[in-house]
Amino acid sequence: MRPQRNRPYWLAVVLVLAVTGWGGGAQATEPGAASGQDEELSEADQALNEAFELHEQGKLEGAYEAFRDLADAGDAEAKVQLGWMYLEGHTTEPDMERTAELWEQAAEAGHERAAHLLNAVLPGVEH
């Protein structure tokens, strides 16, 4: 006898993952993209996706360099990801102050998750 799946549970998991943007990479957010129009990603979004792929493949040096270059160019999502790399000590010594600095810059650029991370993960760190 085949066990039944708990469908409401899996639906909830899929919805949470979709809403939180789990899976990394740039997400198409243009109104036309949701309606099925094929729009190409910008060069910055492609570069961000490549940085996420490098990180997922364990190629941390390459991911660090890619996120750093994008962050230097002003990409808020790259600043958040680079902040995580500093926080966790991926390719660098752990550096909470640098993490806070990057997340604050991303938050100031309007990145909502960065503001939340700054307050939830690093509440006592000066930035």
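Positions are given from 1 along the sequence. Given the structure is predicted, the values throughout are model-derived calculations rather than measurements.
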Heavy-atom count check: over 12 atoms from other residues, nucleotides or ligands less than 6.0 Å from Gln57 CD?
yes
For a quick test of reading the model, state the closest non-hydrogen atom pair linking Thr92 to Met85 and the distance between them.
OG1-O, 4.2 Å
Student check: side-chain heavy atoms of His55 and Tyr64 closer than 4.5 Å:
no
Looking only at non-hydrogen atoms, find the nearest pair between Ala78 and Ala71 and report the distance.
CB-N, 3.7 Å
Gap between atom CD of Glu43 and atom CD of Glu50 - 0.5 Å precision:
10.0 Å
dist Arg68:CZ -> Leu82:CG (nearest 0.5 Å) comes out at 8.5 Å
Hey, are the side chains of Trp84 and Val121 touching, using non-hydrogen atoms and a 4.5 Å cut-off?
yes
Are Val80 and Leu102 packed together at the side-chain level, in the sense that at least one heavy-atom pair is separated by less than 4.5 angstrom?
no
Any residue meeting salt bridge (charged side-chain N to carboxylate O under 4.0 Å, His left out) with Arg98, in chain and number order, not counting sequence neighbours
Glu101
Please test Leu54 against Phe67 for side-chain contact (heavy atoms from CB on, under 4.5 Å), starting from the C-alpha separation and ending with a verdict.
CA-CA 10 Å; Leu54 288 169; Phe67 285 131; over 6 Å; no
Sort out for me which residue in Lys79, Glu77, His116 forms a side chain to side chain donor-acceptor pair (under 3.5 Å) with His111.
Glu77
For Ala114 and Ala107 the tightest heavy-atom approach is CB-N, 3.7 Å
Taking side chain as C-beta onward, heavy atoms only, is Glu104 less than 4.5 Å from Leu118?
yes
Would you give the length of the straight line joining atom CG of Leu87 to atom OG1 of Thr99, rounded to the nearest 0.5 angstrom?
4.5 Å
